[in-house]
Amino acid sequence: MSLADLLRVAPGSTPDLTAIDPAGTPGFDGDKDAARDRLKELRDELADFQERLWAEARQSLLIVLQALDAGGKDGLIRKVVTAFNPQGTRVASFGVPTDEELRHDYLWRVHAATPGKGRIAVFNRSHYEDVLVVRVNELVPEPVWRERYDQINAFEAHLAATGTRIVKLYLHISRDEQRRRFQKRLENPDKHWKWSSGDLETRSRWDDFQAAYTDALTRCSTAAAPWFVVPADAKWYRDLAAAEILAETARSMDPHWPEPEEDLSGIVIPE
Ligand code: ADP
């Protein structure tokens, strides 16, 4: 079984987040140094894939990143997503909706950021916030967010049917690791900008978020748009696992170099 297979949430199954060790390293028995070497190889593979994806210009890749605060989304973008050429890759971050966004349906801003043919989009948070923070903080009534799982599945199935591969990564950290990371932020003035008083409020709803994540992973891991639970206490494993999942996806997408428009064999470049 590949590492990706181990971390994928099988469609229709309910992952038990309390039974998935955030400090675990499933599917990899090497150490941190071995992981670094492997990540280097995978980054090369991903870079090559992205060039073929761009040249072929027929398929798109959408990577959805979700995690609790300090879960490592930013680090993952820095360590793995940077393997892709920035020309052709876009990171879209979704924060508290603006007034204009609130005047539209919740998928409006998300749909606008989906990748065109040959492109990669990374969602740093996503439409899943609309069944996570929105649910936990009771920003809309329960019947409204309950309907969203089916709406999200229909939306993602539509994207998949029109040429977009979707990979969704939930970075799974422990409550203890979040405390350590928050504490480090507070001790380092260079990280104070990352601190928000709302982080403690969110942390205090830990169990509610775990329940909301469990439902989102259960209801919305589909064949067309699978969820992966990535143990993320060890940053090196998080990066390696994400890169393995993306590389496996890249191999199955297998974009091809387009045929040249004309026969190039007789062309001689003049002096
Ligand atoms: P991050 O924590 O991802 O680095 P920010 O500090 O800007 O980025 O946090 C974004 C905030 O926006 C998070 O607290 C998140 O829960 C919130 N958010 C995102 N989408 C929504 C939404 N649809 N409704 C309410 N809040 C949202």
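Just so you know, these numbers come straight off a predicted model, no measurement behind them. Each ligand, and each atom within it, is numbered from 1 in the order the structure gives.
- Classification of Lys194 and Asp199 as a salt-bridged pair fails, no side-chain N sitting under 4.0 Å from a carboxylate O.
- Checked by atom type, the side-chain pair Asp176/Ser174 shows no donor-acceptor distance below 3.5 Å.
- Using a heavy-atom distance under 4.0 Å as the criterion, the protein contacts of ligand 1 are Asp69, Lys73, Phe94, Gly95, Val96, Pro97, Arg109, Arg125, Glu129, Asp130, Val133, Val134, Leu139.
- The six-membered or imidazole ring of Tyr237 lies away from that of Phe28, with a centre-to-centre distance of 6.0 Å or more.
- Within the structure, the ring-ring contact (aromatic ring centres under 6.0 Å, His included) test picks out no pair touching residues 45-90 (sequence neighbours left out).
- Proximity of the aromatic rings of Phe123 and Phe94 is defined here by a centroid distance below 6.0 angstrom, and this criterion is met.
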Handout entry: Derivation and outcome, ring pair (Phe, Tyr, Trp, His ring centres under 6.0 Å), residues His111 and Phe155
Key = CA-CA 9 Å; His111 203 166; Phe155 169 65; 5.2 Å; yes
